[in-house]
Amino acid sequence: MPATFDGKVALVAGASRGIGAATARAFADAGAAVVLAARDEPKGRAAAERLREEELDVDFAPLDVSDDASVQDLARHIRKTYGRVDVLVNNAGVMIDGKAGDEEAGTGVMQAKVETLRRTMEVNVYGALRVTQALLPLMPKDGARIVNVSSGMGQLSDMNGGWPGYRISKTALNALTRIFADELKDTGIRVNSICPGWVKTDMGGAGATRTPQQGADTIVWLATERDVPTGGFFKDRKPIPW
């Protein structure tokens, strides 16, 4: 990471805990003004307050990526308060398939409910689309970055069974990355997907092998390093197959 990220504004969606919170902290540590956005307002405000207590420049903003009005409210807040967004991290996501207690969600494609897939896509794909569309007018054409937090479970090159809603949504998110990257290739805005690996979060579980900080590392690298490509899929700062 560069020694300073001063003067930059970074928005992290889904940042009340886990990888999102670790990403927000890393940006703030580097000197960025960070907007920590989350659907769970009490948890989001508490996460932002903890960082402000360390004298870091972190603001909380409520955001439900599945709600058009919430996304537009966020865009108005950013426009009024900061006037720009240099980095957007689309980290908000859900994994509904196979969760204990969810009787509608089967772990295999033969048991998959269309409603489960629809609910997953609403957040993991349509949510990223809504937020990106709303904030693009505020992104400068001199190296702004969009990082979509995807997953190896969405890789077509290594696709397996189970968790169909989550897998399909992450494959679709990767497609969205490619489309935005191509359409923005002449603007200087770089758009990439990342796989954070298996991370100890509410979603990943206690048995995961990586910390949230390790999961956030490639996000921060793509957002802050001078020479990174666009339209790629990365893990551990290296390109991986789609």
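Numbers here simply count residues along the sequence, with the first being 1.
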[X] to [Y] - nearest heavy-atom pair and separation:
X: Ser169; Y: Thr120; answer: OG-CG2, 3.6 Å
X: Ile194; Y: Pro196; answer: CD1-N, 3.5 Å
X: Lys170; Y: Ser151; answer: CG-CB, 3.9 Å
X: Thr23; Y: Ala216; answer: OG1-CB, 3.3 Å
X: Leu138; Y: Gly83; answer: CD2-O, 4.2 Å
X: Arg45; Y: Arg52; answer: O-NH2, 4.4 Å

Inset, instruction - For the pair Ile146 and Phe180, evaluate side chain to side chain contact (heavy atoms under 4.5 Å, CB included) and give the outcome as yes or no after the intermediate values. - result: CA-CA 9 Å; Ile146 299 169; Phe180 268 118; 5.6 Å; no

Inset, instruction - Go through Ser70 and Asp64 one step at a time and tell me if the side chain to side chain donor-acceptor pair (under 3.5 Å) criterion holds. - result: CA-CA 6 Å; Ser70 177; Asp64 181 349; 6.0 Å; no

Inset, instruction - Applying side chain to side chain donor-acceptor pair (under 3.5 Å), run through Thr218 and Asp236 and close with a yes or a no. - result: CA-CA 6 Å; Thr218 300; Asp236 297 331; 4.9 Å; no

Legend entry - Step-by-step side chain to side chain contact (heavy atoms under 4.5 Å, CB included) determination, Val87 to Leu11: CA-CA 6 Å; Val87 175; Leu11 186 141; over 6 Å; no

Inset, instruction - Identify, with sequence neighbours excluded, every residue that meets side chain to side chain contact (heavy atoms under 4.5 Å, CB included) alongside Pro62. - result: Glu41, Phe60

Legend entry - For Tyr126, all residues meeting ring-ring contact (aromatic ring centres under 6.0 Å, His included), sequence neighbours excluded: none

Is it the case that atom [atom1] in [X] sees more than 12 heavy atoms from other parts of the structure closer than 6.0 Å?
X: Glu55; atom1: CD; value: no
X: Lys141; atom1: NZ; value: yes
X: Arg39; atom1: CZ; value: no

Donor-acceptor contact below 3.5 Å, side chain [X] vs main chain [Y]:
X: Asn91; Y: Val149; value: no
X: Gln72; Y: Ala69; value: no
X: Arg167; Y: Met159; value: no
X: Arg119; Y: Ile96; value: no
X: Thr224; Y: Val220; value: yes
X: Gln213; Y: Ala22; value: no
X: Thr230; Y: Val191; value: yes
X: Asn192; Y: Val147; value: no
X: Asn124; Y: Val94; value: yes
X: Asp86; Y: Ala144; value: no

Inset, instruction - Could you name each residue pair satisfying salt bridge (charged side-chain N to carboxylate O under 4.0 Å, His left out) that touches residues 68-80, not counting sequence neighbours? - result: Asp68-Arg130, Asp73-Arg76

Inset, instruction - Tell me yes or no: between the side chains of Asp40 and Ser16, is some donor less than 3.5 Å from an acceptor? - result: no

Inset, instruction - Show your reasoning for whether side chain to side chain contact (heavy atoms under 4.5 Å, CB included) applies to Val85 and Val35. - result: CA-CA 9 Å; Val85 178; Val35 180; over 6 Å; no

Say whether [X] and [Y] are linked into one hydrophobic cluster, either directly or through other cluster members, by side-chain heavy-atom distances under 4.5 angstrom.
X: Val9; Y: Ile189; value: yes
X: Phe5; Y: Leu51; value: yes
X: Val65; Y: Leu176; value: yes

Inset, instruction - Nearest 0.5 Å please: distance from the CG atom of Asp227 over to the CZ atom of Arg190. - result: 6.5 Å

Legend entry - Test item: Gln155 and Trp242 side chains (from C-beta on) under 4.5 Å apart, heavy atoms: no

Legend entry - side chain to side chain contact (heavy atoms under 4.5 Å, CB included) between Leu36 and Asp59, worked out: CA-CA 6 Å; Leu36 188 157; Asp59 176 29; over 6 Å; no

Inset, instruction - Evaluate the ring planes of Tyr82 and His77, with Trp represented by its six-membered ring, and classify them as parallel (under 30°), tilted (30 to 60°) or perpendicular (over 60°). - result: perpendicular

Legend entry - Steps toward salt bridge (Lys or Arg N to Asp or Glu O under 4.0 Å) verdict (Arg237, Glu225): CA-CA 11 Å; Arg237 304 191 181 192; Glu225 290 299 320; 5.2 Å; no

Inset, instruction - Apply the test salt bridge (Lys or Arg N to Asp or Glu O under 4.0 Å) to residues Arg118 and Glu115: give CA-CA distance (whole Å), side-chain angles for both, the deciding distance (0.1 Å), then the verdict. - result: CA-CA 5 Å; Arg118 184 179 291 116; Glu115 181 58 26; 2.7 Å; yes

Inset, instruction - Apply side chain to side chain donor-acceptor pair (under 3.5 Å) to Ser193 and Asn148, showing your working. - result: CA-CA 5 Å; Ser193 283; Asn148 294 324; 4.7 Å; no

